[in-house]
Each structure stands twice: as structure tokens, then as C-alpha cells.
Amino acid sequence: MHALTRIALAVSLLGAAAMTQAKPLVVCTEASPEGFDIAQYTAATTADASSETLFDRLVDFKPGTTDIEPGLAERWEVSEDGMTYTFHLRKGVKFQTTDYFKPTREFNADDVMWSFMRQYDAKHVWHDKAQHGFPYFEAMGLQNLIKSIDKVDDHTVRFVLNRPEAPFLRDMAMGFASIYSAEYAAQLEKAGQFEQLNFKPVGTGPFIFSRYTKDAQVRFKANPEYFGGKPPADGLVLAITLDSNVRLQRVRAGECQVALYPKPDDIPAIRKDPNLKLAEGEALLIAYVAMNTEHKPLNDVRIRQALNLAFDKNAYIKTLFGEGNAVPAVNPYPSTLLGYNRDIQDWPYDPEKARALLKEAGMEKGLKLTVFTRSGGGPTNPNPALGAQMLQADLAKVGVQLEIRNLEWGELIRRAKQGEHDLLFFGWAGDNGDPDNFLTPNLSCDAAKSGENSARWCNKDFNALLDKARASQDESERAELYKQAQVIFHNDAPWIPLAYPKLFNVMRSNVEGFHLSPLTNNNFATTHAK
Amino acid sequence: MFSFIARRLGLLIPTFFGVTLLTFSLIRMIPGDPVEVMMGERRVDPQMHAEALHRLGLDKPLYQQYFDYLSNLAHGNLGESLITRDNVWHEFTTLFPATLELALCAMIFATVLGLLAGVIAALRRGSLFDHGVMGISLTGFSMPIFWWGLILIMFFSVQLGWTPVSGRIDLLYDIEPKTGFMLIDSLLSDEEGAFMDALHHLILPSIVLGTIPLAVIARMTRSAMLEVLREDYVRTAKAKGLSPARVVFIHALRNALIPVLTVLGLQVGSLLAGAVLTETIFSWPGVGKWLIDAISRRDYPVVQNGILLIATLVIVVNFVVDILYGFANPRIRHQR
């Protein structure tokens, strides 16, 4: 063969080899993970790099939904009184093999026990090794809810609760309930390297931890032994790209295949770009204005209704979120969740009627209120200053003078908890797709006492419905109870519900298999670029 | 000379204390604590909040926290990040090579181009080139870095496709960080083309970070050169019949460099300050981005000690420049 022909053949073979070599999926994310021991953290970026990638749970959310499907438990039973949950574990599941851990046994009940007992039992060796504590486990009150956790046999685990709690199963699908290897923990404990659990994770999930270069990238290899099947991408790279403009430019230039959370302003241009596509859906988010019902005259329902009537919500959404980027909120949780009451009509924009109601309440001479809002934007409030000014302008038309106070987020939370505000722009991100996860923390009487319920609104009938729904195992009964609760909420108007923001991720048009989760976590186990 | 160095060293101590006190109090003046910020929109139960603050040692009185901080510093202990629980010194040394690599490239870019532009502008005083250089340098000096970075990305990376958008190297290269300097690590790795790719990734961030120092150096060189070119000894050199290049580069530029040297020292501070924004735009994992993140997460030990380390660095560089300056210009070290 002629030398030149040989070279040409070699080059083309090399090229072909390069073309067929599977590449990792590159995802531009918005922040560094706080660590990899997800039970210690709450941020979605940390969940993306740990619970969604490295770990599994007893039950999981079906991709792109808030429905439950089997995970490491292949089936489960709930006792009639709703207080005992028995999980039957999947057999043959392997923990990941890495250069720092080689498992000698398959997943079993000991791993489940270790994962929960270190959070539940204050005397557990690992309990105080978590320097951040277990914020989710603690914040959700699981310490008080769970009576006992028992290993029935190697493949069966039983949770006994102190009271029936319907959302419990969904709680078990959340990141903090990820299952760790007890064998790996024992290895670390023996070596006295407790902190390594946070830096060198081992789970059963679709990807294997490879390397974290601080603030730059997290690299994972596909797990060939994953019980759900090896992921189609050869690996996963989370490229940490703080600025949303830069994330968009990177996906445009092909440096990433997926870029998370583009700015609402950029959505129209993305739609027009033939090289890109959007994944969009309603997030588990709600934006609202809470009215402090302990402050006069906001303790008068007529005033609260009048403020609902006086605010042009559609103009607000169009200006702040952009056309099509959020849905007007009517009820206290998004429409994708159980028992959403579609019969309730939203308060119309009706300044005349608002003025009449104010007059009826003896406020015809007008009134002065303060509104607290955050200084920096967030998913539930992209432009806090502008939003507050729009509310101020609309309320001025009905004789309500609004003083705007811009506060930094941490300070806003602190003051809101103390009830210093009259009105408060706030939001809530749901975690487990259960209506209770929106209602109890934000609107229950207990939350009014602790200050979490920023309307400081305590309605006994509403609260009784929440308690009853939480105790019921019957989904249709729960749905009915929540519908009734929403009617009370609407009529008593402790909030001006603002918007259900939509969630967007942008990707190259050749990306397939991505399911946008309303839970704001991202799982790439089935995603790849063609 | 000894008394000159002793005087300079004496100034370091109050500066050092000033920095610790400022960073300690400023970060605590920002409302919100690390626990509240970590919980985000979920808010925190007051009891849990108190327990978490206790765990982090943030429930002690402020003066005691400050005293603990100083006493740890005296023992060479920079503490742990409240978020990652990693040692602050370890985090700093992991990230600093990225910042240094970028700063050095930006400095080389700014110095070479700045000196050249300044000298030519001075030699052609009043020409179109002179006005052009001065106009552009004024614009460069006033340019908001964030905006400038995005403009360059839009044009060179997205429109023309000449340069990468951000990052230190193409993400398909899996380079093990050995030294932390990507240019060196990519050379040490077996990955073909990695070094050139890393170099390619340095172009835009270096230009963005180097723009302000470039403008300053160009203007400074120009005015220093103009002054020196008027000196008698330059006229004498010219009269002696020396070649114009020899007059400019050996006689004039060498003396004009003295004030430029001071400016270079001062620019180290501005490079590190500029790195905060440049690193954010270019997803450059250096100490600037690290500090921004730490401030937003109220990671007190990282903010305090990170700024302290950078301040120390700036102080040391300026100290060295002062000494060099003293050597170069004997009048300085004899000043009382």
C-alpha cells in the first residue's frame, strides 16, 4: 500500500474511533455543591450532584412527576391505621466500586438502618459527625414523627410512626432519605475518616463519583452495574457556571449539552434558536404576598380581600416573569398537586370594588402599610424592587399608601418570622409534591406560632382539615379535604397569591431522555446527546 | 536601607490588624447568618437555628469570636469552611493557582502591550496614534468588567467561534490537578492537545482582566516617557549620535520604568479585585469566585481568612515593590 494511502486510512480510522467513542454529558449548573453527604444539605445543586446522581432511595419520584415509584424497595405495605410502613428491599443491588471503596456485599437492610439511624438516633456514632446536622430530617419533624425503625430481616425494614402521616412515603423519596453503604461507613469509621463521607461518596446510583475540582466541575462515570440499567451517556460532567448569561452562551457554543435555569428574559430567543430546545414545566413553587393578620387593620378580612382586588396580578406576572413564564396563582399550591380546587375563581382586578370594601371597613380615608421585599431576585421573585413598586402603584389607586422596605434575604426571613411586616413578598419551594408540604409550613396554626406562617393566620377549620388530610391514607378523601381547605383560604384571603413560576432548562436540540422535574432537582440517568 | 525596610515592616502590623477587624465586622454586618442562608426559602425553626449556630460556634459574643479568630491565626490555624468543612488554607491553596495563572497571563498581556503602546504614544505625541491610545485606554479604564467580558464572549466565542466561552479547559479533557496550574497540569497529562486548549481558554479572561492594568500602564508609561524624553541626558545621548532605539530603550525607558514599576505593584491589588468578576464571568475556579460564593453563603471563616490571605499577598507584593523601588531610586530610601 502506498505510504500516503496508509496514512490517510490511519487518520480516517482514528477519526472514526473518535466519532464512535461515547462522550460524557456536560451540564452547566449554577453553583458548586456544598458537599456530597446530601443528608446534611438542602440546596438543589447539592442534590443534583449527590442524591440524583450517586444515590437511590427506598422509593423514588417517577421521572418528571411527583408520583412515587419503587426504588431500592421493590414494594411496601402501609398498615390500616397508617402508622406502620414495611419496605421489602430489592435484591442484587450493588454499591459502586471506586478506587477508595470495594464493596464485598450487596445492598441490604443494614444500609437502610445505617442511613436513617444516624439521623434519627442521637447516640449513633455518626450522628454528631454531621457538622451541619440533618436539616431536612429535623425541619420535617421526623424525629418526633417516627416511633421506631426496625430491621425485620436482611431484606425488610419497618418504620413505625407516632401518628398517621400521609406524606411520609413522599418524604422517603427525598434526597435526605438516600441510602448509604453501611460497609463503607464502617471502613471510614475504622480509619477515623468520618469527614470523607462528605468528600468521597459511595451509593447505588446511576453514576460513580470520579472527581470534584472545587468550583469548576464534578465528574462522574456511568455505573455499569446500576440496577436500573447503565446510563446512556458515558459519564456526566457538571460544569459550574455561576452566571446564567454565560451558561446560555456555553450551551449555544456547544460547550455544554444542557444548561440549567436560563433567565426568563432569554426564553423567547431560545425558542427561536434551531440548535436549542427547552424543557419547561410548572415548578413546585409559589410566589405570594402574605398579609400579617395580626396587624390592624389587616385583621379585617374585608381589607385583605380589597387588597386582592386592587392588585393587577396579570400585569405583574407579565412584567416580572415575562409572558408565558409563570401562571397566575389562585390557591396556595400549584395546580399539579393533589386536590387542587379548579372551581375557585381568582379575585378579579377590580379597583372599584376594592375601594367599596375599604369604605365598608371604615378605611375610606385611606391607610398606610409597609411591605417587605428581598433585595436580590430569586425564582419566586425575579425583580423584587419592581414587583413592590407595581403593588405600591396599584394600591395607591385605592387609597392605600405603601412603604417599601428592601431587605437582604436572611434579614427578611428573620424579621418576617418576628412578624414586623404588614405585607411581605414571599415564596415557597415544595420538596415532596404533597399539598401538605405547602400548607402546613406556611398556613397552619403551629406555623403561625413559630412565625413560619408569615400571614400569622390561624383558622381553626382550615387547620382541622389539614390535620385530617394528613392522617388519611385515602387519596380521594385527601383531595376532597384539600379542596375544602382552599375554599376557606380563598374567602379568608391571608395572601395575595401571585404566581406559579415555570421552570426551564435549555439543551442542545440533539439531547434526548431528559425529564424536567417539578421538584427542581435534575436527574440525568436517562439523558444523552445523540 | 535597613531602617527603610524596618519602617515598612512596622507599617504591616497595623495594616494586618486593620484587615482582620474590617473583614470580621463587615461580613457580620451583612444581615442573615449562614444557617438562614443555607435553608433558603424553607426558613428555619428557631430551636434548630440556635442549635446550628451553637454547632458552628456562632452563638458566642462577638468579642470572643474575634479573640478566638486572632488566637487561631496566631497558631497558624485558618479554620474550616462552615459550608464544606474543608480547611480554609487547603481550599485557598487549591484555588489560588487558577487565580495566579490568570493574573500572570493578564499581567504579561497588560505589561507588554501597555509599555509598547505607551512608548509609541510618547514618541508620536499629538499624533492620531497617541490620541487613539489615550482614548482607548480611558475607555478601557472605565469599562465595567462584567459587561466587557460578556461583550467579548458574545463576539469572539459565540459569533465568530474563535475562543471558548468559559472554563479553564474543554470539559471533555479529564485533567488531574497536580500543581493547580492548568498549563502545567495539561502538559503533565497524556491528553493530546490539552495544553493548547488550556492556552486557548486563557485568551479572553486574560484580555478582560488585563484591560484596566493595560490602560493604566499605557498612560503611565506615556507620561513617564514624555517627562524623561525632555531630560538633558536624553538630549545629550541624542547629541552624541546614539541610535534612536538605543536612546529610547536604554536611556529613556529604563528611567521611565521607575514610576511604572510602582504602578505594576499597585495593579496586583486591582488584578485580584478584578479577578472576582472575571472569574465569575468565565467560570474560572479561582479565589475570586470562591470569595463571592463565601460571601453569599455567609461562610465567615472563608471570607475573613480568604481576604486576609489576599490582603497579605497584596501587602507583600507592594512591600517588595517598595524595596525594589528603593534600590532603583536611592532618593526614596533616604527620605525621612
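Just so we're on the same page: letters track the sequence lines, and every chain starts at 1. Note that the structure is a prediction, hence the values are computed from the model and not measured.
For A:Glu255 (side chain) and B:Val165 (main-chain N/O), a donor-acceptor pair under 3.5 Å exists by modelled atom type. For B:Arg297 (side chain) and A:Glu34 (main-chain N/O), no donor-acceptor pair under 3.5 Å exists by modelled atom type.
Counting heavy-atom pairs closer than 4.5 Å to chain A, the top-ranked of the candidates B:Thr280, B:Leu172, B:Asp293, B:Thr94 is B:Leu172. Of the listed residues B:Phe282, B:Tyr173, B:Trp284, the one with more heavy-atom pairs under 4.5 angstrom with chain A than any other is B:Tyr173. Put simply, of A:Val246, A:Asp37, A:Asn245, A:Asp128, the one with the most heavy-atom pairs under 4.5 Å next to chain B is A:Val246. Ranked by non-hydrogen atom pairs under 4.5 Å with chain A, the options B:Val158, B:Asp174, B:Ile281 are led by B:Asp174. Residue with the most contacts toward chain A among B:Ala98, B:Ser81, B:Pro164, B:Ser157: B:Pro164 (heavy-atom pairs, distance under 4.5 Å). Annotation: maximal heavy-atom pairing with chain B below 4.5 Å, among A:Arg247, A:Arg219, A:Glu138, occurs at A:Arg219.
Contacts of B:Ile153 with chain A are made by side-chain atoms alone, with heavy-atom separations under 4.5 Å and no backbone atom involved. Neither the backbone nor the side chain of B:Glu279 has a heavy atom closer than 4.5 Å to any heavy atom of chain A. Contact of B:Leu150 with chain A is made through the side chain alone, with heavy-atom distances under 4.5 Å. If you measure heavy-atom distances from A:Val26 to chain B, the contacts under 4.5 Å come from the side chain alone.
For the atom pair SG (A:Cys28) and CG (B:Leu171), the distance works out to 7.0 Å, reported to the nearest 0.5 Å. Between the OG1 atom of A:Thr213 and the CD atom of B:Glu176 there is a distance of 9.5 Å, given to the nearest 0.5 Å.
A pairwise comparison of heavy atoms in A:Ile240 and B:Ser283 identifies O-CB, 3.5 Å as the closest pair. Residues B:Thr84 and A:Phe199 come closest through the heavy atom pair O-CZ, 3.4 Å.
In this view, B:Val276 and B:Ile292 satisfy the side chain to side chain contact (heavy atoms under 4.5 Å, CB included) rule, not counting sequence neighbours.
Ion pairing between a basic and an acidic side chain is recognised when a charged N comes within 4.0 Å of a carboxylate O; A:Lys214 and B:Asp86 show no such pairing.
Other residues, nucleotides and ligands contribute only 12 or fewer heavy atoms inside 6.0 Å of the NZ atom of A:Lys221.
Residue pairs meeting the side chain to side chain donor-acceptor pair (under 3.5 Å) criterion with at least one partner in residues 188-210 of chain B, sequence neighbours excluded, are B:Asp197-B:His201.
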